[in-house]
Protein chains: 2
Amino acid sequence: MVASTAVRHDVDAIDRRILAELQRDARMSIQDLSSRVGLSASPCARRVRNLEQSGLIRGYTVVIDEPLMGFPISVFVSVKLDHQIDDRLRSFELAVRKFPEVTDCWLMTGDRDYLLRIAVSDLIEFEHFLTGKLTKVEGVASLESSIPIRRVKENSARLE
Amino acid sequence: MVASTAVRHDVDAIDRRILAELQRDARMSIQDLSSRVGLSASPCARRVRNLEQSGLIRGYTVVIDEPLMGFPISVFVSVKLDHQIDDRLRSFELAVRKFPEVTDCWLMTGDRDYLLRIAVSDLIEFEHFLTGKLTKVEGVASLESSIPIRRVKENSARLE
DNA sequence: GTTGAAAACACTGGAGA
DNA sequence: TCTCCAGTGTTTTCAAC
């Protein structure tokens with residue numbers, strides 16, 4: 001019996017190099033990309049298409065300088081909900097997805113916790129976000145914030 | 001006195017829409033992009049170039065499905081160093097940048113802490129990473145791991 | 001995997017609103 | 001600063017090999 005429903009894609013060494021190059025610069029032309037990975041354009045384009053269709057490449061995005069964008073401060077916030085009911089989780093996640101301040105959100109194991117990264121212009125705005133928005137979401141029981149100084153490494157995904 | 005050394009870029013509403021569209025699909029052609037933001041191609045290309053040159057657009061990257069890539073498990077690790085000496089920080093950061101398992105790393109305020117996200121194929125590999133690599137980095141005093149169940153929101157940067 | 005030709009696209013510069 | 005347009009070179013796509 002064949003289990004998989006999606007088209008499986010065997011990622012070989014060239015695919016890895018394609019992904020690494022696209023991680024570095026996703027707007028590179030297929031021509032440039034092909035010469036960097038030692039292929040001609042047609043098979044390179046085909047590989048990229050296959051990587052997209054297999055779902056391994058989920059998309060392409062722009063890398064924005066958050067400080068220049070007006071949001072130099074990040075804050076990590078641990079959120080604890082008062083009940084781990086599916087409905088509560090859903091409504092919390094819905095709210096979080098709507099808040100533009102929230103850049104990342106993970107549901108953690110253990111103690112009905114979420115881990116959020118918040119991007120703000122300053123701590124005043126963060127205060128307003130906490131009191132005016134986050135604590136008003138139904139089910140939020142407690143919060144714990146920690147502030148990073150600096151981002152040391154930033155890779156969208158592990159490749160090797 | 002004019003303070004800024006770099007070229008300042010006033011981000012207007014159209015620029016924001018350009019950034020939002022590129023965040024959705026960074027490989028979109030300028031033609032597509034221009035019609036989506038209600039501009040013709042030439043000024044749209046100029047705006048993108050300006051956003052790149054002002055540093056607001058730092059680059060473009062591919063969004064990879066980490067589970068399909070073979071790394072379905074993420075772990076957040078808090079690392080405490082035994083001395084907050086600049087030299088120790090530097091060597092720790094150098095090591096972290098070299099480990100492919102580490103996708104993100106933040107230097108936190110407070111207690112000489114780093115926050116890392118690790119991507120692994122399973123918990124066995126995570127164990128090996130901890131014992132074989134991370135704890136062997138000079139200056140690492142203590143570790144605390146927490147495991148997420150699921151990613152709820154994933155935005156490379158705040159835009160609004 | 002390669003080559004090559006047609007179609008789509010990007011870039012430039014100039015005229016006019 | 002935008003639109004529109006034309007000219008040029010590049011890039012993508014797709015067939016045939």
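Below, chains carry the letters A, B, ... as their sequence lines are ordered, and counting in each starts from 1.
- Under the 3.5 Å distance criterion, the side-chain polar atoms of Arg97(A) are left unmatched by any main-chain donor or acceptor of Phe99(A).
- Ring geometry for Phe76(B) versus Trp106(A): interplanar angle over 60°, hence perpendicular rather than tilted (30 to 60°).
- Checking side-chain atoms of Arg17(A) against main-chain N and O of Arg36(A) turns up a donor-acceptor pair under 3.5 Å.
- At distances below 3.5 Å, at least one donor-acceptor pair connects side-chain atoms of Thr135(A) with backbone N or O atoms of Leu130(A).
- Taking atom CG of Leu33(A) as the reference point, atom P of dT11(D) lies 12 Å away to the nearest angstrom.
- If you check residues 23-31 of chain A against DNA chain C, you find no residue with a heavy atom closer than 4.0 Å.
- One finds no side-chain N or O of Ser42(A) lying less than 4.0 angstrom from the OP1 or OP2 phosphate oxygen of dT2(C).
- Judged by closest nucleotide on DNA chain C, Arg47(A) is the one of Asp32(B) and Arg47(A) placed further toward the 5' end.
- dT11(D) atom P lies 18 Å from atom CZ of Arg49(A), rounded to whole Å.
- Glu66(A) contributes a side-chain N or O that, together with a main-chain N or O of Arg158(B), makes up a donor-acceptor pair within less than 3.5 Å.
- Taking atom CG of residue Leu39(B) and atom P of nucleotide dA10(C), one finds them 14 Å apart after rounding to whole Å.
- Tyr60(A) places a side-chain heavy atom less than 4.5 Å from the side chain of Val62(B).
- For the pair Arg46(B) CZ and dC11(C) P, the computed distance is 13 Å after rounding to whole Å.
- An angle of 30°, rounded to 10°, separates the two end axes of the helix from dG1(C)-dC17(D) to dA17(C)-dT1(D), each defined over five pairs.
- In summary, Arg49(A) and Glu52(A) do not engage in a salt bridge, as defined by a charged side-chain N under 4.0 Å from a carboxylate O.
- Panel note: side chain Lys133(B), backbone Glu101(B); no donor-acceptor pair is recorded below 3.5 Å.
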